[in-house]
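First the proteins, then the strands, lettered A, B, ... as listed; each starts at 1.
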There are 2 protein chains.
Amino acid sequence: MTDKTPLWQAIADTLRAEITSGHYPPGDRLPSEAALATRFGVNRHTVRHAVAQLADAGLVHARRGAGVFVTARPTDYALGRRVRFSQNLAAAGRTGSHRFTRLETRPCDAVEAQMLDLSPGDPVHVVEGLSLADGQPLALFRSVLPGWLAGFCDHARDHQSITAALAACGVADYTRASTRITAKLANATQAVALRIPQGAPVLRSVAVNLDDGGRPVEYGRTWFAGDRVSLVLAD
Amino acid sequence: MTDKTPLWQAIADTLRAEITSGHYPPGDRLPSEAALATRFGVNRHTVRHAVAQLADAGLVHARRGAGVFVTARPTDYALGRRVRFSQNLAAAGRTGSHRFTRLETRPCDAVEAQMLDLSPGDPVHVVEGLSLADGQPLALFRSVLPGWLAGFCDHARDHQSITAALAACGVADYTRASTRITAKLANATQAVALRIPQGAPVLRSVAVNLDDGGRPVEYGRTWFAGDRVSLVLAD
DNA sequence: CTATATTTGTCCGTATGTATC
DNA sequence: TGATACATACGGACAAATATA
């Protein structure tokens, strides 16, 4: 080898190409380090160096005693002024679906009142649910909507869609005023719902949507499974 | 008790009010569970239930053996077309500073080549460093810049600023083409540098900046301490 | 560095009121 | 009415992490 690039990097590039080309699909196990070492004709440590780079890049993840697995490609989820769940997943080539787990009207607390421009104790509609992509849990969400949207819960139950229910309440269009993103660790409840191990990272997004008159119509919080989604801000 | 609201919720509300009113400032320790139990005249488990709700809301966080602490408000970090670190922190009322930990020119790998529109092996400048807010580590970053920016490393060393070094290389302005955000767990290296426990959540942001001619001039990755920052997308 | 006390985390219980089938 | 499940509240014991002398 007269080439200046290190052996381990060449091996890493080869593996990366094989993974991205689909030779090793997401969830698949790579050949053992020993097998890769014989294949490339190098020492196992050289393979380890290459695999470590891929793992650091998040492309694969090793499980002691089990092997090295190709990380499932995270679903791209676009954030912007107009965020619509199903459209987003369609763009990412996935079939998305909701499942509402709670639907109720109750008095709001202080935080909800401030975000929705209400007085504490005013009625609000609350929708909780789970977002699925290709049948796999992608995110938990809790949306709070002002009580003056008459009959929202019934519409939501009928249409199984927040956008459709808002339309039925006379809110034809809405845009996102602000989004705030933080990283948290999954608590027990979230871990069970999202089918991720407890302590796995979750992306928490807090957003407020306004109708075309500038009135707040939705205060939504979403918890994404951190390793199944990547939020994309496209300008 | 003829009241229908649970005891633990009333206690949680009381504590929440005392925290938000500033009675317990951020970073402060709450009285021990035993002390709170005697104060409210309830069992320790009831206090624990109340505190757990506050912790779940992110208002406080408990450290075994140490106590329950009021969570410091995370620094707001605005994301948009024009992202400048120091400006962001100034807007949040913090004093920001960089510290470059590595500065070198080397051949690029396959991913860097693709992101920067180069051929694999072309030279790139690499800047690694730590971002601090009020002296506290906020984020780790690794920026990769194309090699045709002559003398970038020297300029960066002189100015201790990526924006200034780019200006010295003739790139007067640059805008962010795309940003991609995922949640990860801190590995040992990141944990030490950011002074967070290993396994704490980190926000990974991957972005590409373009000059006014649309050429990629920076491929930057940033790892934010998940509980010290909240990324804000303002439209 | 070694106790020792403090504090939270987790587990075992018991009992009661309420909602549901 | 009975059976069952669940949330609430209390009591105790010990483990694990931390602070302190």
[X] [atom1] to [N] [atom2]: how many Å, rounded?
| X | N | atom1 | atom2 | value |
| --- | --- | --- | --- | --- |
| B/I11 | D/dA9 | CD1 | C1' | 10 Å |
| B/R64 | C/dC11 | CZ | C1' | 12 Å |
| B/F69 | C/dG9 | CZ | P | 11 Å |
| B/R29 | C/dT8 | CZ | C1' | 10 Å |
| B/E33 | C/dG9 | CD | P | 6 Å |

Heavy-atom donor-acceptor pair, B/H45 side-chain to C/dG9 base, under 3.5 Å: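 Side chain to base: no pair present.
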Distance-only donor-acceptor test (3.5 Å): side chain B/R44, base C/dG9: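 Flag set: donor-acceptor pair detected.
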Nearest-neighbour nucleotide for the [X] side chain, [options] considered:
| X | options | result |
| --- | --- | --- |
| B/R63 | C/dT7, D/dA19, D/dA17 | D/dA19 |
| B/A66 | D/dA19, D/dT8, C/dT7 | D/dA19 |
| B/L7 | D/dA19, D/dA9, C/dT7 | D/dA9 |

Distance-minimising heavy-atom pair for A/C169 and A/L149: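 Looking at all heavy atoms of both residues, the closest pair is CB-CD2, 3.9 Å.
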Does a side-chain N or O from [X] land closer than 4.0 Å to OP1 or OP2 of [N], or not?
| X | N | answer |
| --- | --- | --- |
| B/N43 | D/dG11 | yes |
| B/T46 | D/dT8 | no |
| B/R48 | C/dG9 | yes |

Minimum side-chain heavy-atom gap [X]-[Y] below 4.5 Å:
| X | Y | result |
| --- | --- | --- |
| B/H49 | B/V42 | no |
| A/F152 | A/L166 | yes |
| A/D122 | A/W148 | no |

